Structures are given as C-alpha cells and as structure tokens.
Amino acid sequence: QVQVVESGGGSVQAGGSLRLSCEASGDTGLINMIGWFRQAPEKEREGVATMTIRGGAPFYAASVKGRFTLSKDKVENTVYLQMDSLKPEDTGMYYCGILRSTVFGSYSLTSSAVGFWGQGTQVTVSS
C-alpha cells in the first residue's frame, strides 16, 4: 500500500503563488508515476500535471502550462507543485494521485489512471 499526504494549500489573490507538497510513504517502490489533480465545485476532477517518479519531464494540462511547475525532491519521496500567476479559475481541491502504471500524454491526466488518492488540499484564488 502507498499513502500520500498533501500540504500547502491556502488562499491567495489572483497573480499570487502557492507551493503544494505531496509526500508519499509506504510501498513507494511500487510508484511509477505521480501527479496533481484538482476539482472545482460542481466540476469533474481534472489532471493538472504528472511525472514519472524517477524524474522524467512533467506533462502539464494546457490550462496551467507555463504557470505551474511540477518537481520532485531528489532524496525524499516528495513532489512539489509550484503554482505561479494564479487565477480564480485555479480554485479547487487539489489532490495528489499515484497512477496505476506508467502512461504518457493526456491519458496521464485522467482520473481513471490514478490508483491512490490523497485527502486533498484546498486552493482558493480570489480576484
């Protein structure tokens, strides 16, 4: 089993920045891919960014590309989502997800690709 714990959410004004952290524990050797997903009220959960745990190039949703940066700590099983130039439409609950296997491209941003979810951390961006 793998567990993930998110932290770093909060409230900011548009144009501000936040950094989310996702710490994985348990059978981390089973992890191939990890990523961030978000869900706004009354909307479906959508992928934000994913990457292979061994440090491959991240894949970003078009809506966040150029504003968000996904990275991994070289030592610990922790990934970070640096979110800059935040917009009100970035508001939502952000979830860290461990993908079931290594997949590429837009499929990696689908909820069905995820096997384990964290509890989520709220991000609120005001205009």
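Not measured: the values here are computed from a predicted model. No hydrogens, no waters, no symmetry mates; every other heavy atom, side chains included, goes into these values. Positions are given from 1 along the sequence.
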For residues A14 and P88, report the shortest heavy-atom separation together with the two atoms involved.
CB-CD, 4.1 Å
Could you name each residue pair satisfying salt bridge (charged side-chain N to carboxylate O under 4.0 Å, His left out) that touches residues 53-67, not counting sequence neighbours?
R67-D90
Quick one: do the N32 and S101 side chains pair a donor with an acceptor below 3.5 Å?
no
With clusters defined by side-chain heavy atoms of hydrophobic residues (ILVMFWY) lying less than 4.5 Å apart, directly or transitively, does I34 cluster with L20?
yes
Enclosure of Q13 CD (heavy-atom neighbours >12, cutoff 6.0 Å)
no
In this structure, OG of S11 is separated from CD of Q122 (nearest 0.5 Å) by 7.5 Å
Is T91 close to V123 at the side-chain level, that is, under 4.5 Å between some pair of heavy atoms?
no
Main chain of G105, side chain of S108: is a donor-acceptor contact present, judged purely on distance under 3.5 Å?
yes
Any link between V48 and Y95 through a network of hydrophobic side chains (Ile, Leu, Val, Met, Phe, Trp, Tyr) touching at under 4.5 Å?
no
Within-4.5 Å side-chain heavy-atom neighbours: Y107 and S112
yes
First locate atom CZ of F59, then atom OG1 of T52, and finally report the distance between them rounded to the nearest 0.5 Å.
13.5 Å
Main chain of Y80, side chain of S21: is a donor-acceptor contact present, judged purely on distance under 3.5 Å?
no
Show your reasoning for whether side-chain contact (heavy atoms from CB on, under 4.5 Å) applies to T69 and L81.
CA-CA 6 Å; T69 303; L81 185 68; over 6 Å; no
Tell me whether the count of non-hydrogen atoms from other residues, nucleotides or ligands lying under 6.0 Å of CD in Q119 goes above 12.
no
Please round to the nearest 0.5 Å and tell me the distance separating atom CG of D84 and atom CD of Q82.
4.5 Å
At what distance, to the nearest 0.5 angstrom, does OG1 of T110 lie from CZ of R45?
12.5 Å
As an exercise, state the distance from SG of C96 to CD of Q3, rounded to the nearest 0.5 Å.
12.0 Å
Would the distance check show the side chain of Y60 and the main-chain N or O of L70 forming a donor-acceptor pair, the cut-off being under 3.5 Å?
yes
Taking the side chain as every heavy atom from C-beta outward, state whether I53 and M51 have any atom pair closer than 4.5 Å.
no
Between F37 and W117, what is the ring plane arrangement, given parallel below 30°, perpendicular above 60°, and tilted in between?
perpendicular
V64 and L86: same hydrophobic cluster, using ILVMFWY side-chain contacts below 4.5 Å?
yes
Which value, rounded to the nearest 0.5 Å, describes the distance between E46 atom CD and L109 atom CG?
9.0 Å
For E23, does its backbone N or O pair with a side-chain atom of T78 as donor and acceptor, under 3.5 Å?
no
Within-4.5 Å side-chain heavy-atom neighbours: F116 and R100
no
Determine whether I98 and M33 fall in the same hydrophobic cluster, where Ile, Leu, Val, Met, Phe, Trp and Tyr are linked whenever their side-chain heavy atoms lie under 4.5 Å apart.
no
Determine whether M93 and L18 fall in the same hydrophobic cluster, where Ile, Leu, Val, Met, Phe, Trp and Tyr are linked whenever their side-chain heavy atoms lie under 4.5 Å apart.
no
What's the verdict on side-chain hydrogen bond (donor to acceptor under 3.5 Å, both in side chains) for Y94 and R38, showing C-alpha distance, side-chain angles and the deciding distance?
CA-CA 4 Å; Y94 281 67; R38 67 186 181 187; 2.9 Å; yes
